Asker: 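The structure under discussion is supplied below as structure tokens; questions concerning it will follow.
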Amino acid sequence: MGLLSKKDSKLILDPLADNNPITIQVLGICSALAITAQLKPSIVMAISVIFVLGVGNVVISLMRNIIPSKIRIIVQLIVVATLVIIVDQVLKAFAYTLSKELSVFIGLIITNCIIMGRFEAFALGNGPWKSFLDGIGNALGYGVILIIVGFFRELFGSGTLFGLKVLGDSVEKTGLYAIGYENNGFMVLPPMALIVVGIIIWVQRSKNKALIEEN
Amino acid sequence: MALNTEKNSYTVIFAVVMVIVVGSILAGFANGLKPTIKANERYEKQQNILYAMGVNENEGANDVEFIPTERVEEVFAQYIKKQFVIQGDEVTENDEAYLIDVKKEEAMAKNGDYERRLPLFLAEKDGQEMYVMPVRGKGLWDAIWGFVAVDKSMTVEGVYFDHKGETPGLGAEIKQRFFMDDFEGESFLNDGSFSTIKVAKGNNDPKNEDKTDNEVDALAGATITGDGLTAMLRKDVKMYVPYFKKLN
């Protein structure tokens with residue numbers, strides 16, 4: 001990356017793999033389980049979190065020297081809530097069908113631990129540009145996992161991707177279903193998301209032994 | 001001058017200023033966008049009513065495509081012949097009946113001796129008259145609602161369901177074509193008396209060929225949403241029954 005210094009690009013790239021908020025820090029699990037039954041909401045959730053975390057980190061970073069430490073958590077909450085409400089209102093006004101589809105997910109961004117975690121751990125102690133990169137990086141890391149989980153859950157759970165029947169029609173018994181394949185209904189239930197995330201963590205750690213903690 | 005951010009007075013002032021700033025930003029946004037949002041909601045209602053009666057832009061077998069917002073007002077005026085408000089025994093015509101907030105009416109009727117206003121739309125499609133009524137109930141997580149289009153003998157012509165926050169992939173499937181289409185041809189009357197259409201599990205009729213059983217096949221993994229939908233139809237469609245009895 002010619003645009004960014006080595007340190008800066010590390011801020012973006014680290015959370016994508018070796019310091020991923022979901023698989024390494026195990027933050028933001030709640031929403032990762034809730035919304036990944038299908039691919040499309042996963043992607044939109046990822047985009048929304050990129051916006052909220054990117055902008056929120058910059059706002060908190062700009063205010064970091066004037067926030068009274070006694071109420072800093074409340075201030076962070078207010079910033080997240082404000083951004084989320086703005087996203088929600090703008091979507092309602094200009095992308096009504098999309099906002100209907102996402103309904104609760106947008107509100108759920110407020111409860112995403114990654115956002116509060118990055119505000120507290122990074123933006124309060126670093127400048128706006130670095131905070132912006134850190135926010136985007138972490139949101140991307142979160143989004144990547146969301147999309148991977150959403151892909152497998154929708155494919156094996158419903159036999160579709162983006163609602164398209166890629167494996168054939170399960171009622172009409174065409175495509176794969178003609179030879180006896182069945183959808184795994186368990187995949188659309190939240191516990192399976194946890195198992196998929198677990199498998200990703202497993203794969204990641206067995207590829208990179210440095211990530212394995214010693215007890 | 002270095003700020004002493006630890007002082008109590010500073011904390012209080014900061015909190016107050018923050019609240020005022022954030023409050024004004026949000027109020028500004030809400031006010032500025034309100035007309036657009038309101039219009040969107042109005043168009044959506046018209047689109048839903050039209051969808052329930054089978055006026056849509058569906059192409060593929062799984063599409064749920066509404067009449068586009070730019071044209072919906074015109075199409076709505078073209079298909080909806082009359083709008084009624086039923087209040088007790090009184091039936092009045094009202095061109096803005098579709099704007100009645102079913103949720104508010106329900107709450108007001110619950111809280112006191114208020115006779116709730118029931119909107120009903122008389123529509124005509126391909127020379128056939130049908131009636132569209134709104135329904136509203138509870139799913140698993142939050143509200144579910146919709147519109148049901150029936151003919152004079154309360155046989156379903158079409159439905160539209162929607163939800164606020166049902167589980168994606170499970171309860172949220174109530175707004176899919178394959179589920180909504182199942183209702184077509186089912187009836188709310190069984191030998192002349194009201195009988196709701198049930199969302200039934202294991203009814204031995206998954207392709208829904210039997211149209212006289214007052215049942216449609218349930219969605220796997222969405223038991224509570226399905227039960228809520230059954231309860232919603234029972235509760236809300238029933239209120240219209242006296243009106244339909246008078247028609248026949």
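A note on names: the letters A, B, ... follow the listed sequences, proteins ahead of strands, and every chain is numbered from 1. Keep in mind it's a predicted model, so treat the numbers as computed, not measured.
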Asker: Can you tell me which of B:I37, B:N40, B:T36 forms the most heavy-atom pairs within a distance under 4.5 Å of chain A?
Answerer: B:N40
Asker: Measuring heavy-atom distances to chain A, does B:E173 have an atom under 4.5 Å in its side chain, in its backbone, in both, or in neither?
Answerer: side chain
Asker: Within a 6.0 Å radius of atom NZ on B:K45, are there more than 12 heavy atoms belonging to other residues, nucleotides or ligands?
Answerer: yes
Asker: Out of A:E154, A:R153, A:K70, A:M63, return the one with the most heavy atom pairs under 4.5 angstrom to chain B.
Answerer: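 The answer is A:K70.
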Asker: Check each atom of A:I74 against the heavy atoms of chain B and say whether the ones under 4.5 Å are side chain, backbone, both or neither.
Answerer: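 Neither; nothing under 4.5 Å.
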Asker: Count the heavy atoms belonging to other residues, nucleotides or ligands that lie under 6.0 Å from CD1 of B:I224, then report whether that count exceeds 12.
Answerer: no
Asker: I need the single residue from A:V79, A:V75, A:T82 that forms a side-chain contact (heavy atoms from CB on, under 4.5 Å) with B:V22. Which is it?
Answerer: A:T82
Asker: Checking A:K92 against chain B: side chain, backbone, both or neither under 4.5 Å from a heavy atom?
Answerer: both
Asker: Can you tell me how far OG1 of B:T11 sits from CZ of A:R72, rounded to the nearest 0.5 angstrom?
Answerer: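 Those atoms lie 12.0 Å apart.
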Asker: CG of B:L26 to CD1 of A:I85: how many Å apart, nearest 0.5 Å?
Answerer: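 The distance works out to 5.0 Å.
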Asker: Atom CG of B:L33 and atom CD1 of A:I86: how far apart are they, to the nearest 0.5 Å?
Answerer: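 Rounded to the nearest 0.5 Å, the CG-CD1 separation comes to 9.5 Å.
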Asker: Measure distances from A:Q38 to the heavy atoms of chain B and classify the residue's part below 4.5 Å as side chain, backbone, both or neither.
Answerer: side chain
Asker: Would you name the heavy atoms of B:F29 and A:V90 that are closest together and state the gap between them?
Answerer: CE2-CG2, 3.9 Å
Asker: Rounded to the nearest 0.5 Å, what's the gap from CD1 on A:I67 to CZ on B:F14? Could you check?
Answerer: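 Answer for the CD1-CZ pair, A:I67 versus B:F14, is 5.0 Å.
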Asker: With a 4.5 angstrom heavy-atom cut-off, which part of B:E44 approaches chain A: side chain, backbone, both or neither?
Answerer: side chain
Asker: What part of B:D162 gets closer than 4.5 Å to chain A, counting heavy atoms only: side chain, backbone, both or neither?
Answerer: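 Contact with chain A: side chain only.
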Asker: With a sphere of 6.0 Å drawn around NZ of B:K235, does it hold more than 12 non-hydrogen atoms of other residues, nucleotides or ligands?
Answerer: yes
